[in-house]
Amino acid sequence: MNKRRISQTFFNKTTLSIAHSLLGCYLVRKVGRKVQRAKIIETEAYVGLKDKASHASRGLTRRTEVMFGLPARAYVYLIYGMYYCFNIVTAKQGYPAAVLIRGVILNNKLINGPGKVCRELKINKKINNENLLLSKKIYLERGNKVPGVKIKSAPRIGVDYAGKWKYKKWRFFVK
DNA sequence: GATAAGATCATCT
DNA sequence: GATGATCTTATCA
């Protein structure tokens, strides 16, 4: 058993606080024999039915049902026909919330943008609904703690249509 | 430096 | 049939 692997208790807090805590942790992806460990440096939170920027704001659909499900699952979807985005589902079953991984460092290479992260880590819809606590293909590990002063927050990206919700500072990144 | 357009498809109306 | 939690390339100033 991997001691550094993130366990259920990590998800036992608010989505915002999880998005914050994920910074500095590692996203581990196994493809065949290859293992990639990507350090998370940027996240975005999508919380609740009322968050217009969230896919869940229009209610439960086939696509978003993973977000309404159990925490610590992966929510992967295709956007603009060509890019996948990788999210970690949070909050309890029945309440839609997730944290989008926007940026990582892989082999000392900065990868900014959810589409690029998924391309580099070979994330596709097969990963959708994977249990990050149990899966051997993709999971999370604790990293070095990031000092609070190095963590910045800002409005989310690409959600201008979301009315007042676009001003929420639910994007977190390491300076 | 900034802004605009094109690629391309699952999902929703 | 319209649209989007994006990225890259092209064109402008």
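Quick note on labels: first sequence line is chain A, next is B, and so on, each numbered from 1.
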A.B. asks: Is there a salt bridge (charged side-chain N to carboxylate O under 4.0 Å, His left out) between A:Glu120 and A:Lys109 once you walk through the steps?
C.D. replies: CA-CA 11 Å; A:Glu120 294 289 330; A:Lys109 194 168 56 168; 3.6 Å; yes
A.B. asks: Around atom NZ of A:Lys169, are there more than 12 heavy atoms from other residues, nucleotides or ligands closer than 6.0 Å?
C.D. replies: no
A.B. asks: Quick one: look up who B:dT13 pairs with, Watson-Crick or G-U, both distances under 3.5 Å, and put none if it's unpaired.
C.D. replies: none
A.B. asks: Closer to the 5' end of DNA chain B via nearest nucleotide, is it A:Thr61 or A:Tyr83?
C.D. replies: A:Tyr83
A.B. asks: For the residue pair A:Phe86 and A:Tyr84, is the inter-centroid distance of their aromatic rings smaller than 6.0 Å?
C.D. replies: no
A.B. asks: With a 3.5 Å distance limit and no angle check, can you tell me whether A:Arg156 reaches the backbone of A:Ala45 through a side-chain donor-acceptor pair?
C.D. replies: yes
A.B. asks: Is there a side-chain contact between A:Leu100 and A:Pro114 (heavy atoms, below 4.5 Å)?
C.D. replies: yes
A.B. asks: If we count only N and O atoms by modelled type, under 3.5 Å, do the side chains of A:Ser135 and A:Lys30 hold a donor and an acceptor together?
C.D. replies: no
A.B. asks: Only pairs with both distances under 3.5 Å count, Watson-Crick or wobble alike; so what is the partner of B:dA5 in this structure?
C.D. replies: C:dT8
A.B. asks: Could you check whether A:Arg102 gets within reach of a base, just the sugar-phosphate, or nothing at all, counting any heavy atom under 4.0 Å?
C.D. replies: sugar-phosphate
A.B. asks: Please determine, by modelled atom types, if A:Glu42 and A:Asn112 share a side-chain donor-acceptor pair under 3.5 angstrom.
C.D. replies: no
A.B. asks: I'd like to check A:Tyr26 versus A:Leu140 (side-chain heavy atoms, cut-off strictly below 4.5 Å). Are they in contact?
C.D. replies: no
A.B. asks: Between A:Tyr95 and A:Gln93, do the side chains contain an N or O donor and an N or O acceptor separated by less than 3.5 Å?
C.D. replies: no
A.B. asks: Assess the side chains of A:Ser57 and A:Ser54: does a donor N or O sit below 3.5 Å from an acceptor N or O?
C.D. replies: no
A.B. asks: C:dA13 pairs with which nucleotide, Watson-Crick or G-U wobble, both distances below 3.5 Å?
C.D. replies: none
A.B. asks: What range of DNA chain B does chain A touch, first nucleotide to last, counting atoms under 4.0 Å from its heavy atoms?
C.D. replies: B:dA7 to B:dT13
A.B. asks: Near DNA chain B, counting only heavy atoms under 4.0 Å, which residues of residues 110-127 of chain A show up?
C.D. replies: A:Lys125
A.B. asks: Give me the first and last nucleotide of DNA chain C, going 5' to 3', that has any atom under 4.0 Å from a heavy atom of chain A.
C.D. replies: C:dG4 to C:dT8
A.B. asks: Between A:His55 and A:Tyr75, does any side-chain donor sit less than 3.5 Å from a side-chain acceptor?
C.D. replies: yes
